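Let me begin by presenting the structure, written as structure tokens, before commenting on it.
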Amino acid sequence: MSNGVLKIGIQRGALEIKQFTRQRESVVFTMLFPVMLLFIFGSVFKDTLAPGVTFSQYFISGMIASGLVNTGFQQLAIMIPIERDFGTLKRLRGTPISPVSYFMGKAILVFTAMLVQVGALLLFGVLFFNLHLPSTSEKWFRFFWLVLLGSICSTVLGIAFSCVPKSGRGASAVVSPIVIVLQFFSGVFFVFSTLPKWMQEFAAFFPLKWLTQGMRSVFLPDSFAVKEVAASWEVSRILIALLIWLVVGTALALKTFRWPDR
Amino acid sequence: MSSANLAVEVKGLVKSYTGKKTGKKVAVDGIDLSVKSGEIFALLGPNGAGKTTTVEILEGYRDRDSGQVSVLGQDPNNLGIHGSAWRNRIGIVLQSTKDSEDLSVKEVVHHFAKYYQNPKDPDLVIADVGLSEKMNARVNTLSGGQRRRLDVALGIIGRPEILFLDEPTTGFDPEARRAFWELILKLKAEGVTILLTTHYLDEAEALADRVAVINNGKIIEVSTPQTLGGRNNAKALVSWFENGKKTSIQTDNPTDEVKKLTARFTGEIPELSVTRPTLEEIYISLIGETHE
């Protein structure tokens, strides 16, 4: 039986990706929007933050972290209420499919969209904005677990938050502002250390701040660490913060997710 | 009748909703039902009568306030680990949905087949519901009737023992409805038990072995379409034109009345007609009795 759950989960993943690629808006939003932002910010802000660190490099690190939040949290928290409205969940509920397979399909979709988005940002960053890929295997390893933990946190939180929007139509209006505010507060559009103290402290409650900081530790030279608020990359604190969110997010997703109204 | 050959058994089912403004509303108010294996059973009633609530309780979508429910020997609200196995044996055609818009008919049916242990051949099911020509069409390009037939395809792909159809032909043109009825009768011939809700009388008459008329959450009558409301024993109405006005008489023996009239009139009896109540008249009178 569990074998079947896994197999159907993978098949749902393939189906989700197929549906995703056929929705032009979602492809454009996921693929082009972050790259577009990269070009706008990278072209407008040409300052150098420290020797060997330009604002565009700083910004790309933040955008890659945001990509994890966009493809997971934002996408799912908007998509699931729409599927609830359209009867997708109700139809699935009437079949033998396990909810676990449904979530696996979503996770596969998120992970694929995320790889494409992060890949596009890395490519354009290296080609046009002098982004340096991680130089050591230690940094690549850190990049790997940041992406993995970040996307899983983002997925479970997206599923948990999907119960908040009352309808599919209103979901985007509820979810998008939260993501944008978190991006401002977490040092994606501005240098985090220049933000007001209360903003920094507020952002520290949420995973995006830790993800952006982690990505900076991967893509910026270690000499830049002293310019961080804590004068350090705080790698172990990043790991702990993400693990806590992973546990909290999973618990919330399990508790709040509902099939169609009973 | 032993419960072994009952596909559905419902006793004293009650369900009410509490709305913020409307207060407590009883949607289902003590319903008893039994559906035999292999029969087509229709729940007939006006909008808001409690049809969908009843069916959704049977399908396992809703809980209930009280009463006993058994569908294929299981309580749909207390399935525990048997949920997946039970759903493997039932088929559900919901009221309108808008899912899977970006997939083709073939992709959707083939995908849903994978959820079941012993599915039918997806291409044959597509042919059965008359969508072979639309096999590769995207779901969002289908007409309302075609969309509904796809819903039925998804309802029967798992080779269900019982199929629930909630107002399956709402919005169909007459031709599409005929084709749909043939499909349903074909499923019955395969031995599938079918429970359908409808507010179309002709649909109940054409399909159902037995009909339950439901209104205001209560079953008013259960019978065959032919005997509903005592229709088979109802008095006939003989009417004709005499002395400058329309005259009529209700009788159990219309032939005798016509004979008497023949004796009275020389030649043609003006405007003679003999009618029995239509199913619609019976239905209206049944529903009317419970209003207010």
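For clarity, every value in this text was computed on a predicted model and none was experimentally measured. Chain naming here is simple, since letters A, B, ... match the order of the sequence lines and numbering starts at 1 in each.
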Portion of [X] that has a non-hydrogen atom of chain A nearer than 4.5 angstrom:
X	value
B:Ile92	side chain
B:Ile157	neither
B:Arg138	side chain
B:Glu56	side chain
B:Thr53	neither

Query raised in the report: Does the side chain of A:Arg12 come within less than 4.5 Å of B:His111's, by heavy atoms?
Result: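 Touching, per the 4.5 Å side-chain cut-off.
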Query raised in the report: Do B:Lys98 and A:Thr88 come within less than 4.5 Å of each other through their side chains, counting heavy atoms only?
Result: no
Surrounding [atom1] of [X] (heavy atoms of other residues, nucleotides or ligands, distance under 6.0 Å), is the total greater than 12?
X	atom1	value
B:Glu133	CD	no
A:Leu127	CG	yes
A:Phe144	CZ	no
B:Lys120	NZ	yes

Nearest-0.5 Å distance, [atom1] of residue [X] to [atom2] of residue [Y]:
X	Y	atom1	atom2	answer
A:Leu15	B:Phe112	CG	CZ	8.0 Å
B:Leu154	A:Arg91	CG	CZ	5.0 Å
B:Arg87	A:Arg93	CZ	CZ	4.0 Å

Query raised in the report: After noting the C-alpha distance and the side-chain angles of B:Asp102 and A:Phe20, does the key distance pass the side-chain contact (heavy atoms from CB on, under 4.5 Å) rule?
Result: CA-CA 8 Å; B:Asp102 298 301; A:Phe20 179 80; over 6 Å; no
Requested in this report: Apply the test side-chain contact (heavy atoms from CB on, under 4.5 Å) to residues B:Tyr116 and A:Ile97: give CA-CA distance (whole Å), side-chain angles for both, the deciding distance (0.1 Å), then the verdict.
Outcome: CA-CA 8 Å; B:Tyr116 296 90; A:Ile97 192 176; over 6 Å; no
Requested in this report: Could you tell me whether B:Asp99 and A:Lys90 make a salt bridge, using a distance below 4.0 angstrom between a side-chain N and a carboxylate O?
Outcome: no
**Report entry** Check ion pair A:Arg22-B:Glu107 (N to O, under 4.0 angstrom)
**Finding:**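 Looking at B:Glu107 together with A:Arg22, the answer is yes, because their closest N to O distance falls below 4.0 Å.
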Query raised in the report: So which heavy atom on A:Pro96 is nearest to which on B:Ser84, and how close?
Result: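 Closest pair (atom of A:Pro96, atom of B:Ser84, distance): O-OG, 3.0 Å.
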Requested in this report: Let me see the working for A:Gln19 and B:Glu101 under side-chain contact (heavy atoms from CB on, under 4.5 Å), right down to the final yes or no.
Outcome: CA-CA 8 Å; A:Gln19 282 177 292; B:Glu101 298 263 277; over 6 Å; no
